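This report refers to the structure that appears directly beneath it.
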Amino acid sequence: MAAPRLLLGFLVVLACFSETCFAAISFSSLRRTLVVTASHPQRLLKAGEDKIIVTWGLNQTFPAGTDSAYKTIKVQLCYAPISQVDRAWRKTVDNLSKDKTCQFKIVKGPYTTTNQTSEWTIERDVPTATYFVRAYALDAKDNEVAYGQNTDAKKTTNLFEIQAITGRHVSLDIASVCFSAFSIVALMGFFLAEKRKGSKAQQ
Ligand SMILES: *[C@@H]1O[C@H](CO)[C@@H](O)[C@H](O)[C@H]1NC(C)=O
Ligand SMILES: *[C@@H]1O[C@H](CO)[C@@H](O)[C@H](O)[C@H]1NC(C)=O
Ligand SMILES: *[C@@H]1O[C@H](CO)[C@@H](O)[C@H](O)[C@H]1NC(C)=O
């Protein structure tokens, strides 16, 4: 009698490993119960340098106990729609196991019933794009059960831009300044030469 049960148990474990055991959680099924704010020195931030201060907590209009199943909080940096256009690798999919909106971890830790704040220095590998911040509440099984974000449902407000480290090489800037200076000198030289030629022809 024990052998078939053991086999069944084994099959269940196997099924879990082959992904079917992961509950398919859809974003649209999550309740927006968290209030998330992100503050930063300016709207255009530099990867590897600037900091974002994220604050999250339960929206107090929900009754006490709403968050009783929340065990972990996961805060992420997410692509705004404008930076997802024509980029399948950043696509928003309602099935959370396939969603590519939020790809950068800001912080993950135990959920507390009081507001929490975390300061994050934008990691050096974050690409140039427009972003927002989202927090997911996870239950004891690490499944998403609720969320909150620093923008509206359509992801149009409070967005900020991050400039990647490779888009702003100082040497490149110097080179372009030198090049423009050179072009102005060259243009002036050309202009003077033409003028001299013109006055010679008049004589
Ligand atoms: C979500 O994606 C996972 C992994 O690909 C899949 O197993 C699951 O069936 C999908 N769920 C829905 C509702 O499409
Ligand atoms: C809190 O939740 C209520 C009800 O869903 C909503 O109307 C309100 O805008 C939320 N407050 C914040 C700060 O998100
Ligand atoms: C938590 O944050 C919300 C929204 O920013 C605020 O309304 C509330 O007073 C804060 N609660 C505490 C205990 O600081």
Side-chain angles (χ1 to χ4, degrees), residues 7-43 45 51-120 130-161:
L7 186 70
L8 194 70
F10 179 70
L11 284 178
V12 167
V13 169
L14 205 70
C16 284
F17 277 121
S18 66
E19 248 186 350
T20 41
C21 197
F22 291 119
I25 301 159
S26 65
F27 180 72
S28 52
S29 72
L30 303 181
R31 280 213 295 169
R32 183 172 179 167
T33 60
L34 301 173
V35 178
V36 176
T37 59
S39 60
H40 36 83
Q42 63 270 330
R43 196 170 170 271
L45 305 166
K51 291 183 173 70
I52 300 174
I53 297 168
V54 184
T55 302
W56 63 92
L58 185 71
N59 181 333
Q60 297 300 320
T61 62
F62 287 92
T66 299
D67 55 355
S68 58
Y70 303 177
K71 288 286 175 287
T72 308
I73 199 90
K74 182 171 75 174
V75 184
Q76 293 176 306
L77 184 69
C78 313
Y79 288 110
I82 192 170
S83 293
Q84 294 176 302
V85 177
D86 294 333
R87 290 174 177 90
W89 65 95
R90 297 177 181 173
K91 209 172 159 205
T92 293
V93 182
D94 196 43
N95 185 340
L96 280 184
S97 64
K98 291 178 181 163
D99 184 38
K100 306 267 190 351
T101 315
C102 304
Q103 298 188 12
F104 301 93
K105 184 181 108 180
I106 293 178
V107 65
K108 187 174 177 179
Y111 175 82
T112 60
T113 50
T114 54
N115 287 354
Q116 277 184 287
T117 293
S118 183
E119 190 183 81
W120 184 64
T130 304
Y131 296 91
F132 67 94
V133 173
R134 178 181 287 168
Y136 285 109
L138 311 176
D139 65 9
K141 291 180 188 151
D142 239 20
N143 288 328
E144 290 86 352
V145 287
Y147 80 102
Q149 57 193 24
N150 77 322
T151 184
D152 61 338
K154 290 211 164 78
K155 300 178 265 194
T156 57
T157 57
N158 299 326
L159 305 176
F160 52 89
E161 283 164 45

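The residues of the chain are indexed from 1 along the displayed sequence. Computed from a predicted structure; not experimentally measured. Just so you know, ligand 1 is whichever comes first in the structure, and atom 1 is the first atom listed for that ligand.
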- Message: Give the atom numbers and elements of ligand 2 that come within less than 4.0 Å of a heavy atom of Thr61.
- Response: 1 (C), 2 (O), 3 (C), 4 (C)
- Message: If the threshold is 4.0 Å, N to carboxylate O, is there a salt bridge linking Asp99 and Arg90?
- Response: no
- Message: According to ring pair (Phe, Tyr, Trp, His ring centres under 6.0 Å), does anything in residues 54-88 pair up with another residue at least two apart or in another chain? List the pairs.
- Response: Tyr70-Tyr111, Tyr79-Tyr131
- Message: Considering only residues two or more places apart or on different chains, which pairs with a residue in residues 78-114 satisfy disulfide (SG to SG under 2.5 Å)?
- Response: Cys78-Cys102
- Below 4.0 angstrom from a heavy atom of Ser97, which ligand 1 atoms are there? Numbered from 1 as shown, please. 1 (C), 2 (O), 3 (C), 4 (C)
- Note on the structure: Between Thr33 and Ala146, the two heavy atoms sitting closest are OG1-CB, 3.4 Å
- Numbered in order shown, the ligand 2 atoms found under 4.0 Å of a heavy atom of Phe62 are 2 (O), 5 (O)
